[in-house]
Amino acid sequence: MSRNRKWPRLFAYGDLELSVCHCRKVSLICVQTWRDVVELPPSVVGGTGTFPAGLKHADVVSALDRAGCSWEPHAPLTFGNQCSLTAIASGANFTFEIPKGEEPVLNVMALPGDGHDCSARTAGQDH
C-alpha cells in the first residue's frame with residue numbers, strides 16, 4: 001500500500017469493514033447486517049463465514065443479557081426510524097432500523113476505535 005494515498009482508508013471483506021489509519025492501526029471495526037445474509041472471512045469465524053441476518057432488537061438484547069453483558073440505549077443514534085444500544089464493557093454499538101409497523105432489525109454493529117489520532121503526532125514530526 002502506498003503511503004501517498006489518502007488516509008484513513010476503508011478495507012472490506014464481505015460485510016466486515018475495517019477503517020485503518022495511515023500508521024496501519026485499525027481504528028474502527030464494523031459489520032454491515034442489513035443484507036439477507038452476513039458474510040465474514042471464513043478464516044476468522046471458521047466454517048463458511050456466511051450467517052443469516054435480520055436479527056431483531058429483542059434477539060440482540062436477549063443474547064447480551066444471557067452473556068451477562070450490560071447495555072444501555074445510545075441516544076445519539078436513536079432518532080426517526082432507528083434506535084441504537086451500546087454494550088457497556090466493550091463499547092460495541094448496535095444500530096437498528098425500525099421498518100414501519102415492525103420490530104427493530106439490526107442494521108449495523110460497530111466496535112469503536114480507541115480515540116487514536118496519529119495525524120497530530122505525525123504533523124509535528126514532518127517538520
Side-chain angles (χ1 to χ4, degrees):
M1 294 184 296
S2 168
R3 287 193 177 266
N4 297 329
R5 301 215 38 204
K6 187 171 173 138
W7 293 93
R9 295 176 85 187
L10 183 66
F11 296 92
Y13 181 101
D15 296 306
L16 175 66
E17 296 179 354
L18 304 171
S19 180
V20 180
C21 178
H22 77 277
C23 72
R24 307 307 193 265
K25 182 173 181 171
V26 174
S27 57
L28 178 73
I29 301 171
C30 183
V31 179
Q32 299 293 337
T33 59
W34 55 269
R35 298 172 177 89
D36 292 334
V37 295
V38 174
E39 181 186 352
L40 300 174
S43 60
V44 173
V45 296
T48 65
T50 303
F51 302 91
L55 291 172
K56 305 287 187 195
H57 186 275
D59 298 329
V60 173
V61 167
S62 177
L64 291 171
D65 289 345
R66 280 193 315 274
C69 184
S70 299
W71 59 274
E72 61 189 8
H74 186 69
L77 292 177
T78 299
F79 54 85
N81 67 341
Q82 73 177 40
C83 63
S84 184
L85 64 88
T86 299
I88 296 169
S90 66
N93 179 263
F94 300 83
T95 301
F96 301 83
E97 176 185 2
I98 308 171
K100 192 168 183 87
E102 295 183 36
E103 188 178 347
V105 178
L106 186 61
N107 185 277
V108 66
M109 178 272 180
L111 293 171
D114 62 0
H116 170 75
D117 180 13
C118 67
S119 62
R121 181 179 56 86
T122 56
Q125 291 175 347
D126 291 340
H127 297 288

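We use all heavy atoms of the structure for the numbers below, so side chains are in, but hydrogens, waters and symmetry mates are not.
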Output yes when a side-chain donor or acceptor of Thr78 lies under 3.5 Å from a complementary backbone atom of Ser84, and no otherwise. yes
Minimum heavy-atom separation for Met109 to Phe94, with atom names? CG-CE2, 3.5 Å
Quick check against the 3.5 Å criterion: does Gln82 have a side-chain atom that pairs as donor or acceptor with the backbone of Leu77? yes
Check the pair Leu85, His57 against side chain to side chain contact (heavy atoms under 4.5 Å, CB included), reporting the backbone distance first and the verdict last. CA-CA 9 Å; Leu85 64 88; His57 186 275; 3.6 Å; yes
Where do Val60 and Trp71 land on the side chain to side chain contact (heavy atoms under 4.5 Å, CB included) test, with the steps shown first? CA-CA 10 Å; Val60 173; Trp71 59 274; over 6 Å; no
Ignoring hydrogens, what is the shortest heavy-atom contact between Thr95 and Leu106? Give both atom names and the distance. O-CD1, 3.6 Å
Residue pair Val105 / Lys56, side-chain heavy-atom distance below 4.5 Å: yes
Kindly compute the distance separating NE2 (His74) from OG1 (Thr86), expressed to the nearest 0.5 Å. 4.5 Å
Please determine whether side chain to side chain contact (heavy atoms under 4.5 Å, CB included) holds for the pair Phe96 and Leu55, giving the CA-CA distance in whole Å, both sets of side-chain angles, and the decisive distance to 0.1 Å. CA-CA 9 Å; Phe96 301 83; Leu55 291 172; 5.9 Å; no
Kindly give the heavy-atom pair with the smallest separation between Pro99 and Glu97, and that separation in Å. CD-O, 3.2 Å
